[in-house]
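Computed from a predicted structure; not experimentally measured. Letters go in sequence order (proteins before strands), and every chain restarts at 1. As a basis for the values below, the full set of heavy atoms in this structure was taken, side chains included, without hydrogen atoms, waters or symmetry mates.
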2 protein chains.
Amino acid sequence: MASHGARSRSGGRPTLEEVAARAGVGRGTVSRVINGSPRVSDATRAAVEAAVAELGYVPNTAARALAANRTNAIALVVPEPETRFFAEPYFSDMLKGVGAEISETEMQLLLIFAGSDRERRRLAQYLAAHRVDGVLLVSVHADDPLPDLLSQLEIPAVISGPRSAGETLPSVDSDNYGGGRSAVEHLLAGGRRTIAHITGRLDVYGAQRRVDGYRDALRDAGHEVDERLIEPGDFTEEGGRRAMTNLLARRPDLDAVFAGSDVMAAGARQVLREEGRGIPSDVALIGYDDSAIARHMDPPLTSVRQPIEEMGRHMIDLLLSEIADRRPAVSRELERRQVVLATELVARASS
Amino acid sequence: MASHGARSRSGGRPTLEEVAARAGVGRGTVSRVINGSPRVSDATRAAVEAAVAELGYVPNTAARALAANRTNAIALVVPEPETRFFAEPYFSDMLKGVGAEISETEMQLLLIFAGSDRERRRLAQYLAAHRVDGVLLVSVHADDPLPDLLSQLEIPAVISGPRSAGETLPSVDSDNYGGGRSAVEHLLAGGRRTIAHITGRLDVYGAQRRVDGYRDALRDAGHEVDERLIEPGDFTEEGGRRAMTNLLARRPDLDAVFAGSDVMAAGARQVLREEGRGIPSDVALIGYDDSAIARHMDPPLTSVRQPIEEMGRHMIDLLLSEIADRRPAVSRELERRQVVLATELVARASS
DNA sequence: AGGTACCGTGGGAGCGCTCCCACAAGTGAT
DNA sequence: ATCACTTGTGGGAGCGCTCCCACGGTACCT
């Protein structure tokens with residue numbers, strides 16, 4: 001009676017204390033059972049579990065987070081203006097993988113958009129407040145300050161697509177090099193000889209790797225690499241058009257084009273059509289991503305598929321283990337954790 | 001010295017108490033400033049704000065949630081197996097709108113997948129624990145138990161796409177009726193007379209409304225509605241193929257098709273091609289959603305665009321106001337809060 | 001002058017947990 | 001029988017806030 005009375009603000013939900021009373025044990029014991037500690041006798045554990053079931057007890061996350069100084073939440077940070085990430089199927093597929101994997105755990109997934117400067121500042125505050133146990137970073141640019149901020153704050157993070165060959169953060173990526181190779185090898189196998197490449201934005205490491213794959217595949221097949229056959233694009237349809245136009249001007253004799261994305265392939269296709277080149281009769285065309293566009297293009301577009309959903313799963317796995325065995329930053333920098341998943345060439349009528 | 005010593009588990013971040021000490025005021029006063037209470041003198045407020053800035057103070061969310069019994073979080077619940085929602089551009093666009101709007105606030109966005117039974121049970125627990133202040137429900141089926149669970153738990157919720165004309169939950173929708181009408185009116189204006197309709201899944205209210213719009217547009221133009229021109233689809237490409245085949249068998253004289261989705265239109269297009277019907281020379285084709293498929297189809301597909309991003313924004317707005325002015329459920333059932341946004345017909349070469 | 005009304009402010013109590021110390025009881029070696 | 005562990009358990013203290021009561025100070029009435 002000394003206090004202002006039970007505020008009972010929790011909407012009548014049972015607390016640890018009540019479960020303890022019901023089970024005839026102490027608070028600590030219930031906590032131990034809830035958290036799966038082995039230091040509890042079987043009989044006691046059973047009694048507590050019964051009480052939990054009878055009362056329909058659900059732990060209060062906020063109290064837990066406050067007392068234990070962890071949040072049980074991880075953030076997926078989306079650099080929104082990067083439309084590439086929002087492009088189908090990348091975004092939804094990755095989310096599917098992430099969602100599936102995380103729902104196996106007690107963790108909750110926070111979605112944070114870091115597009116505008118305002119949002120970036122908010123995110124920085126957010127991270128400074130340690131409101132998440134870990135961060136999933138997707139499609140980060142080479143010069144993005146976010147990764148550094150994260151390691152400075154010592155927040156575990158996993159990146160999709162390393163920023164460079166020397167990436168220090170754990171990362172999950174698809175085999176862009178192999179994907180590029182397989183596209184070229186497929187075209188060579190189809191008898192093509194003059195194969196052009198429309199690259200993605202070259203400040204994206206994955207796009208560089210695709211170019212590397214393109215080059216090596218040609219070399220390994222005994223072809224010389226003509227730099228005039230490589231034209232930079234920017235992942236957009238318009239960029240694809242422009243690149244295709246330039247390529248045709250420089251090497252009108254080309255008989256195949258490997259585009260660094262389906263969207264750019266769509267742009268290239270338009271130009272080829274306008275120029276009266278048949279696909280695949282005159283020019284074979286290959287895209288990258290295996291998006292809806294590829295399936296519905298006319299002719300249907302051969303494309304390199306990335307296991308994006310699986311990448312999402314791996315990212316969560318990596319991040320969780322990163323959170324679990326946090327050890328001194330020193331030893332962690334030594335063991336690089338990089339996962340690379342294989343791509344798959346989906347052959348269709350365009351090649 | 002009586003205690004186990006300062007645990008200092010918060011990673012050295014400043015607390016309210018420290019800010020108070022620095023500013024030379026009490027804890028309560030700092031709290032008032034942080035929460036924008038008007039009951040603080042200007043001088044005090046300035047002092048506190050200075051201290052906050054100097055110390056780089058960021059409030060601890062968990063402590064706040066625990067003390068105030070609210071979470072400052074809202075959940076976006078995604079019924080994952082509903083591939084329709086995951087279809088481009090629906091998902092990413094809505095997320096863009098939701099993300100943009102929520103980043104204007106202090107709220108955080110949780111993404112929860114409720115596909116499998118396991119996930120559903122987890123969600124129920126989650127909600128029972130009142131771990132979010134409100135819920136955004138997308139693409140809910142007429143028989144989904146979730147909405148009832150939410151109102152039972154008295155958790156504010158907003159639904160995208162009402163389940164029926166008598167929807168009791170606040171909802172945001174696009175004008176499916178008007179969209180259906182505009183498609184048909186466009187075809188009529190183009191001189192088409194025998195207009196077929198491939199519907200979406202009719203257990204989706206929006207799909208029904210599109211049919212209603214189709215019917216009324218024909219009637220209002222003085223045409224009779226031939227039920228043989230209406231064929232149920234299921235939003236899939238294969239469903240579109242099947243429906244188109246049936247329609248051609250029944251009414252080989254049709255000169256236009258309004259498909260309830262772009263994907264179904266893509267299926268219909270294949271069949272029309274196979275049957276040697278020219279698009280739009282013999283048969284005009286219209287889709288719905290204005291997805292990437294529509295833009296890249298050959299010929300480019302006329303389609304009805306929904307302002308999905310805007311819908312996302314409105315959903316957040318509705319939900320926040322719902323959370324803000326929580327009042328007795330009785331009075332809230334009376335005032336239905338339903339927002340309907342206009343669609344836009346995007347004319348392309350297929351019609 | 002005394003009363004009444006409000007400010008603005010300080011700080012106690014408590015939110016529901018986890019952490020950890022203390023302690024009883026049991027086990028085995030000496 | 002004594003000592004040293006180990007195992008299971010209870011409960012105090014504290015996490016960093018919000019809520020709300022209490023209280024001194026003004027301002028305005030009668």
Participant: Any donor-acceptor pair under 3.5 Å between the side chain of B:Arg32 and the base of C:dG10?
Facilitator: yes
Participant: Whole-Å distance between C:dG16 P and B:Arg64 CZ?
Facilitator: 19 Å
Participant: Testing B:Val158, B:Ile102, B:Val172 for side chain to side chain contact (heavy atoms under 4.5 Å, CB included) with B:Leu319, which one passes?
Facilitator: B:Val158
Participant: Measuring from the side chain of B:Ala68 (C-beta onward, heavy atoms only), which nucleotide among C:dT9, D:dT18, C:dG10 has the closest atom?
Facilitator: D:dT18
Participant: Per the atom types in the model, does the base of C:dG12 pair as donor or acceptor with the side chain of B:Arg27 at under 3.5 Å?
Facilitator: yes
Participant: Check the distance between C:dG16's P and A:Asn35's CG and give it to me in whole angstrom.
Facilitator: 17 Å
Participant: Around atom CD of B:Glu106, are there more than 12 heavy atoms of other residues, nucleotides or ligands at under 6.0 Å?
Facilitator: no
Participant: Are any of A:Ser31's side-chain N or O atoms less than 4.0 Å away from OP1 or OP2 of C:dC17?
Facilitator: no
Participant: When the distance from CD of B:Glu17 to C1' of D:dC17 is rounded to whole Å, what number comes out?
Facilitator: 10 Å
Participant: Just the rounded figure in Å: distance from P of D:dT9 to CG of A:Asp42.
Facilitator: 10 Å
Participant: In this structure, how many angstroms lie between the C1' atom of C:dG8 and the CZ atom of B:Arg45, rounded?
Facilitator: 11 Å
Participant: Mind calculating the distance between CZ (A:Arg70) and P (D:dG16) to the nearest angstrom?
Facilitator: 15 Å
Participant: Mind calculating the distance between CG (A:Leu66) and P (D:dT18) to the nearest angstrom?
Facilitator: 12 Å
Participant: Taking only side-chain N and O atoms of A:Thr44, does any of them lie within less than 4.0 angstrom of OP1 or OP2 on D:dG8?
Facilitator: no
Participant: Quick check: any donor-acceptor pair below 3.5 Å linking the side-chain of A:Arg39 to the base of D:dT9?
Facilitator: no
Participant: OP1 or OP2 of C:dG8 less than 4.0 angstrom from a side-chain nitrogen or oxygen of B:Thr29, does that happen here?
Facilitator: no
Participant: Would you mind telling me which of C:dT9, C:dT18, D:dG16 lies closest to the side-chain atoms of B:Thr15?
Facilitator: D:dG16
Participant: May I ask you to say whether B:Arg120 pairs ionically with B:Asp144, meaning some side-chain N is under 4.0 Å from a carboxylate O?
Facilitator: yes
Participant: Rounded to whole Å, please give me the gap between NE2 in A:His130 and C1' in D:dG16.
Facilitator: 15 Å
Participant: Rounded to the nearest 0.5 Å, what's the gap from NZ on A:Lys96 to CZ on B:Phe91? Could you check?
Facilitator: 9.5 Å
Participant: To the nearest 0.5 angstrom, please state how far the CE atom of A:Met94 sits from the CG atom of A:Leu136.
Facilitator: 8.0 Å
